[in-house]
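Here is the structure we will look at.
Note that the structure is a prediction, hence the values are computed from the model and not measured.
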Amino acid sequence: GNVGLKITGVNGTRDDIGTGGAQMQNTFTGGVTWIGNNNQDRVVNPAVFGSGPITFGGSSGFFIPSSSITGWSAGFSNAFVVNGNNNLLTFQMNGPTTALSTGPWTGSGTLAMLPSFNATWIFGGDLSGFQGTFIMEGNTGGTGNYSIGYVNTNNAANTGGSAQAVFTQQSVNTSGSCNFQYSNTNTPATVRLGDLNTTGNTGSGNLVVRDAASGTVVTFEVGALNLNSTFGGQIINNSGTVNLTKVGTGIWTLTNYLGNADTYTGTTTVSNGVLAVNCSLSGGGPVNVFGPGGLGGNNSISGLVTLAQGNAGLLLTNNAAETLTLSSGLTLSNANILAFDIGSTSDQINVSGSTFTQSGTATIYLTQISGFGAGTYNLIVNASGILTNNFVLGNTAPGYSLMLTNPDASTLALVVSVAAPAAAFWHNRSGTSWTTANNWDITATGNTALFSPPSIPTDVTFAAAAAN
């Protein structure tokens with residue numbers, strides 16, 4: 001039968017495996033399991049694994065030393081299985097600087113990968129069966145490169161990555177940078193990521209998503225796990241073209257903790273959930289939103305934003321005031337949904353004087369936040385030709401009347417006024433003035449003053465029993 005090897009943390013000390021002049025090559029097929037050894041063991045040559053799977057069993061791992069060993073860069077075909085948490089793979093190669101793994105990855109555990117120098121790990125095998133979390137780190141003094149080198153060419157499209165896995169980028173130990181990239185030459189291709197985030201980032205290095213093969217077109221499809229998460233890195237073109245697609249019901253927020261813009265020039269597509277743009281999308285590519293997907297955020301988009309017919313949305317509601325600036329214009333279609341927070345400071349869409357077009361009717365929903373009250377709120381500005389009769393309100397504000405208006409030819413505004421009560425009973429609590437709200441009550445014998453004095457079409461009642 002198959003022979004395997006299990007390595008455990010017996011004494012917590014480092015073991016060097018595969019060292020010496022011969023750099024031994026094993027032929028057993030049962031695989032190697034690391035469990036509880038706390039990343040203490042150094043593996044110089046991948047040939048020591050034999051041909052079976054390499055399994056991380058929890059609180060385990062190994063590291064690849066900074067020595068001129070060619071076995072890692074030449075490629076090794078072992079399958080990887082990740083189980084449990086707190087697994088760590090450290091790769092320190094600086095001659096050569098690349099490790100090529102061509103086997104498949106499976107499991108539902110968590111694996112952190114930490115490089116030294118400017119080391120590159122190429123996922124040259126199928127990741128689609130992996131359901132866990134990769135934590136891709138950049139270390140001080142260098143850049144960690146993580147490359148999707150495999151795509152499935154046996155289907156209608158070239159696909160890589162895993163829609164069932166979480167991909168996390170982190171800068172650690174102060175200044176390490178990290179590139180997550182598509183390096184296959186098959187194009188166009190789609191890299192599916194169940195989630196992409198920068199959770200746990202503690203350093204100041206740049207975290208980048210990009211292409212890495214000249215002339216390629218790659219779409220990073222993010223969100224199939226339906227999680228709410230934030231990506232604080234940068235999305236760019238390198239030597240090809242990058243597209244971005246948001247799927248799944250979660251809210252995916254783009255920001256950048258270094259203040260950099262996302263400069264990729266391809267198409268941004270939102271098909272479900274919400275893409276919240278809290279950093280500049282400056283690449284100029286079109287942004288297309290399909291229902292039930294929505295676009296929101298508090299920054300600027302340089303490409304034309306188009307909402308397809310149906311319940312595609314511009315959804316700015318997050319209980320805070322936001323301004324989304326659309327510098328290349330906005331196209332609305334029938335049955336679109338727009339949502340705004342309204343208060344002392346309110347949400348706003350700024351079309352920035354660019355082209356505004358609309359076909360059909362859009363519905364506007366309002367959420368009251370701190371400071372809401374009577375007044376005029378500019379919802380959409382610098383949208384030349386915008387008309388109130390192309391919009392309807394989808395909800396009400398109890399105690400207030402709401403009306404959409406065009407204060408000028410490029411602004412859609414909401415006018416909020418205190419609604420006239422249906423009935424009012426005179427209680428002269430504060431003198432004899434009709435216009436003093438405290439003189440009026442909602443019932444003849446109660447003690448609850450109106451928000452506002454009665455006006456047309458309020459029914460008013462004067463009765464001795466009601467007088468104070």
Is there a side chain to side chain contact (heavy atoms under 4.5 Å, CB included) between F391 and Q358? Walk through the geometry before answering.
CA-CA 10 Å; F391 298 88; Q358 184 175 7; 3.3 Å; yes

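- Proximity of a side-chain donor or acceptor of N87 to a complementary backbone N or O of N83 within less than 3.5 Å is detected.
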Validation: residues 271-295 side-chain donor-acceptor distances under 3.5 Å, sequence neighbours left out:
residue : atom : partner : partner atom : Å
S271    : OG   : K246    : O            : 3.2
N278    : OD1  : N298    : N            : 2.9

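- The six-membered or imidazole ring of F180 lies away from that of Y146, with a centre-to-centre distance of 6.0 Å or more.
- Put simply, CG on L366 and CG on L414 are 5.5 Å apart, with the number rounded to the nearest 0.5 Å.
- With ring centers used as reference points, W72 lies 6.0 Å or more from F91.
- Tested against L314 for a side chain to side chain contact (heavy atoms under 4.5 Å, CB included), the candidates I337, L330, N336 yield a single pass: L330.
- Summarising the geometry of D341 relative to D347, their closest heavy-atom pair is N-OD2, 2.6 Å, with the distance given to 0.1 Å.
- Here the two rings, on F340 and Y377, have centers that are 6.0 Å apart or farther.
- With values rounded to the nearest 0.5 angstrom, S162 atom OG is found 11.5 Å from D195 atom CG.
- From N406, atom CG reaches atom OG1 of T411 across 8.0 Å, with rounding to the nearest 0.5 Å.
- Between F56 and F62, the two ring planes are parallel [angle under 30°; tilted spans 30° to 60°].
- The line from CE of M136 to OG1 of T198 is 11.0 Å long, rounded to the nearest 0.5 Å.
- In the model, N438 has a side-chain atom that pairs as donor or acceptor with a side-chain atom of S430 under 3.5 Å.
- Taking the six-membered ring where tryptophan is involved, the planes of F231 and W252 are tilted, since the angle between them lies from 30° to 60°.
- Looking only at side-chain heavy atoms (C-beta outward), L412 and F356 stay at 4.5 Å or farther from each other.
- The nearest pair of heavy atoms linking L402 to A397 is CD1-N, 3.9 Å.
- Considering CD1 of I251 and OG1 of T230, their distance stands at 9.5 Å, rounded to 0.5 Å.
- Partner of N145 under the side chain to side chain donor-acceptor pair (under 3.5 Å) criterion, chosen from N118, T98, T120, T97: T120.
- Using a 3.5 Å distance cut-off with no hydrogens or angles, the side chains of N350 and S352 do not pair a donor with an acceptor.
- Residues S147 and Q181 approach most closely at OG-NE2, 2.8 Å, considering heavy atoms.
- Between the CG atom of D126 and the CH2 atom of W105 there is a distance of 12.5 Å, given to the nearest 0.5 Å.
- Proximity of L304 to T331: side-chain heavy atoms (C-beta onward) are separated by under 4.5 Å at one or more points.
- Pairing each heavy atom of S239 with each of D211, the nearest pair is N-OD2, 2.9 Å.
- Ring centers of W426 and W434: at least 6.0 Å apart, outside the cut-off.
- Side-chain contact check for L127 versus Y150: every heavy-atom pair is 4.5 Å or farther apart.
- Smallest separation of non-hydrogen atoms from L207 and Q169: CD1-O, 3.7 Å.
- The side-chain heavy atoms of N184 and N158, taken from C-beta on, include no pair separated by under 4.5 Å.
- For the side chain to side chain contact (heavy atoms under 4.5 Å, CB included) with V242, the qualifying choice from T216, V218, V209 is V218, the only one to do so.
- Pairing each heavy atom of D441 with each of G446, the nearest pair is OD2-O, 3.3 Å.
- By the 4.5 Å heavy-atom criterion applied to side chains, I235 and F220 are not counted as neighbours.
- Residues I54 and W34 form a side-chain contact, since some pair of their non-hydrogen atoms from C-beta on lies under 4.5 Å apart.
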